[in-house]
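Input: a single structure, listed below in structure tokens.
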There are 2 protein chains.
Amino acid sequence: MGEINIKRLASELNLSAATVSRALRDSHEISAETKARVMEMAKKLNYEPNPFASSLRRQQSKTIAVIVPEVANNFFSLAIKAIEEVARAKDYHVLIYQTHESGEIEASFMTSLLSGRVDGVLISPASHVANKEYFQKVSEKMPMVFFDRDHADIEGVKITTDDYDSAYNATQHLVDAGCKTIGYLAALETLTTGKKRLQGYQDALKNNNLKCQPDLIVSNCENNEPCHSKIKDFISQQKPDGIISSIEELAIPCYYACKELHLNIPKDLKLITFSNLSHAELLNPPLSTINQPAFEIGNEAATILFKMFSKRWYDPNITISLKSNIIKRESTRS
Amino acid sequence: MGEINIKRLASELNLSAATVSRALRDSHEISAETKARVMEMAKKLNYEPNPFASSLRRQQSKTIAVIVPEVANNFFSLAIKAIEEVARAKDYHVLIYQTHESGEIEASFMTSLLSGRVDGVLISPASHVANKEYFQKVSEKMPMVFFDRDHADIEGVKITTDDYDSAYNATQHLVDAGCKTIGYLAALETLTTGKKRLQGYQDALKNNNLKCQPDLIVSNCENNEPCHSKIKDFISQQKPDGIISSIEELAIPCYYACKELHLNIPKDLKLITFSNLSHAELLNPPLSTINQPAFEIGNEAATILFKMFSKRWYDPNITISLKSNIIKRESTRS
DNA sequence: TTTATTTACGTAAACGTTTACGAATAAAGG
DNA sequence: CCTTTATTCGTAAACGTTTACGTAAATAAA
């Protein structure tokens, strides 16, 4: 029977395609009676307008892109959940891209978006950064919002958390719990996010007159396998009595390392981590966490993006910081 | 300076748009020399072909849709991770839709896909089912693959796990551990997935000559808040010494309920659950799980979808079952 | 040499919408 | 009565590609 398009729909109704188009878009130029006829016939024939023709003509895609390092991550999956909900409410579609922390992949995605495939971008940049100039290019062409992660040297709208404060407070919490030798598991070091967390940790140490030795900081530890032994070595050699982990993925190995080293959490070693683990309460021992408002970040970022679409947002260079929530549990009990 | 399109690119090169288009697509009709010139200029001008014009003309979108109940879920986020990777390798784009278990939302997404916005669909259907006829409509129009969840009365390509066997084996495991009164936390009851799990549980009980009372089955428990008290009431009233949970979301409340009821896992109550919790090992006590190969399911589903695109897949009605992995931990120790 | 074939490119139509412009009718104003 | 304005719809161009078809030149076959 062939596909049903607006011309066929129009001819069924003895109308022009223009009139049908306008009726479907509820234009004031069309009489109520005609609109009703069009709607009815459209429903009857299961007419679905071709989005590509529409996007081509109108120069807008009704689609946004979400670029994240990984989907399978407690934080990002929650943020995506929120973003999809906001988009759906606006009848927008959501394209998902994973960079796997690669700057090259990120660059390839971003430049492909220059084609106009999307009306806007929500991005949490990869930690392995390549060139960065594509950020500029994309944001010149369409609204773009950074969420959670960002680069200090790139302007734009950014939704982050209070990374400095929460790292500072978490470290202070360890100090208050009696820790004297506090290790830091670093990550995202190329990003503002990671830098601020590290700075919060270091400043907290200084303000408590605790030494801030470089060998208390474990870096370059974001791949999986070597990570565990690196952390285990760190614990057995430096013998920290407290650890703050800048990402969840580095805190989990601590549990295993402590088991293997027969160290008790929190007696021998107290542990707190940035995390969106939903069951931290049920771990053995319950894990103290710096909980980022992942859903709220996604929600806020998407909401602002849509405001930018409708020109109800004017500040092209602002950072909005949402508060993280430190939840003290058994793993940092003094 | 205006947007750079194929016509401008062509005029820069003193070529026709047709030649440029063919060169960019590496057509044999174009000389190597011309191709090189075109490529160079395209790169120089940062030319990105308009995907809508291309999709409109070629009648294909280079995009697939993934419809899931939730993104923020250990299972689905892993599956999506795999799907995105497969899609990226094929230069395809991935649209994400969340149904929140609503059949109406699902129906609305599916019918909107009839517009041709995507070349194929990967779907894990909502548990609250509405009409179902849209499954037929969509699969008539484009390749579609069910993953994890499916409806028995709908034909199609389905990638599932061995729900019956794994539920049976998990129940048997509880029996072997000495359980006599084994409760079942039901979910997904409208789906084949849920029915098979329940059947596996029931058959295992029968084959072990254990009574299979209806009041050992907790149903309609997929919303969050009422769920906890329902499970707590169930445990305190029916006093099961073993529980198998058909989804992770129902197992977690058991931990809290047992705490509140001062019951010890596994001494008073043994617990095993379908789950993709990555840190089940670290829970208190470590949780026995029926681990579904989420990544592999996503990978397999996406791979088959692409085979369907290229007509290298012929069976329109087949169910491929991947094996789940039962991991016995402290929570079911006898 | 003539004819057939291949190579390399151009012309123009097509994909299915949307919208600027125009026109016809009806209503209102003078 | 004529003129203006509002209402409602149609015509045709435009969005940026792709591709069927045609063609000129070069090469091969005869």
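As a basis for the values below, the full set of heavy atoms in this structure was taken, side chains included, without hydrogen atoms, waters or symmetry mates. Residue numbers start from 1 in every chain, and the chains themselves are labelled A, B, ... in the order their sequence lines are given, proteins ahead of strands.
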In whole angstrom, what separates A:Leu15's CG from D:dT8's C1'?
-> 11 Å
Looking at B:Tyr47, does any N or O in its side chain come under 4.0 Å of the phosphate oxygens OP1/OP2 on D:dG16?
-> no
For B:Ser55, report the nucleic acid contact type (base, sugar-phosphate, nothing); a contact means any heavy atom under 4.0 Å.
-> nothing
Show the numbers, then the answer: is there a salt bridge (charged side-chain N to carboxylate O under 4.0 Å, His left out) between A:Glu300 and A:Lys158?
-> CA-CA 10 Å; A:Glu300 182 76 9; A:Lys158 304 170 179 181; over 6 Å; no
Would you indicate what A:Ser21 reaches in the nucleic acid, counting non-hydrogen atoms under 4.0 angstrom: base, sugar-phosphate, or nothing?
-> base
Kindly indicate whether the side chain of A:Arg57 and the base of D:dG16 share any N or O donor-acceptor pair separated by less than 3.5 Å?
-> no
Side chain of A:Ala17: nearest nucleotide among C:dT18, C:dA12, C:dG16?
-> C:dT18
Atom CG of B:Leu13 and atom C1' of C:dG10: how far apart are they, to the nearest Å?
-> 15 Å
Quick one: label B:Ser54 by what it contacts on the DNA or RNA (base, sugar-phosphate, nothing), any heavy atom closer than 4.0 Å.
-> sugar-phosphate
Considering only heavy side-chain atoms of A:Asn5, the closest of C:dT17, C:dC9, D:dG16 is C:dT17
Nearest of C:dG16, D:dT11, C:dT11 to any side-chain atom of B:Ala18?
-> C:dT11
Under 4.0 Å between a side-chain N or O of A:Thr34 and OP1 or OP2 of D:dC9?
-> yes
Check if the side chain of B:Arg22 and the base of C:dG10 share a donor-acceptor pair of N or O atoms closer than 3.5 Å.
-> yes
Looking only at side-chain N and O atoms, does A:Thr19 come under 4.0 Å of OP1 or OP2 in D:dG10?
-> yes
Starting at atom CD1 of A:Ile30, determine the distance to atom C1' of D:dT8, rounded to an integer number of angstrom.
-> 6 Å
Of A:Ile6 and B:Ala32, the one whose closest nucleotide on DNA chain C sits nearer the 5' end is B:Ala32
C:dG16 phosphate, OP1 or OP2: any side-chain N/O from B:Gln59 under 4.0 angstrom?
-> yes
Quickly work out the B:His28 NE2 to D:dT18 C1' distance and round it to whole Å.
-> 15 Å
B:Glu29 CD to C:dA8 C1': how many Å, rounded?
-> 8 Å
So B:Phe109 and B:Tyr97, would you call those rings parallel, tilted or perpendicular, with 30° and 60° as cut-offs?
-> tilted
Pair A:Lys141-B:Glu3, salt bridge (charged side-chain N to carboxylate O under 4.0 Å, His left out): steps then yes or no | CA-CA 10 Å; A:Lys141 173 141 183 175; B:Glu3 286 308 302; 3.0 Å; yes
Nearest-Å distance for atom pair CD/P, residues A:Glu33 and D:dT7 = 17 Å
Step by step, work out the side chain to side chain contact (heavy atoms under 4.5 Å, CB included) result for A:Thr160 and A:Phe147.
-> CA-CA 6 Å; A:Thr160 67; A:Phe147 68 99; over 6 Å; no
Over how many whole Å does the gap from A:Arg58 atom CZ to D:dG16 atom P extend?
-> 15 Å
Classify the angle between the aromatic ring planes of A:Phe146 and A:Phe135 as parallel (below 30°), tilted (30 to 60°) or perpendicular (above 60°).
-> tilted
Integer-rounded Å distance: D:dA13 P and B:Lys7 NZ | 14 Å
Could you pull out the closest heavy-atom pair between B:Asp315 and B:Val157, with the gap in Å?
-> O-CG2, 3.5 Å
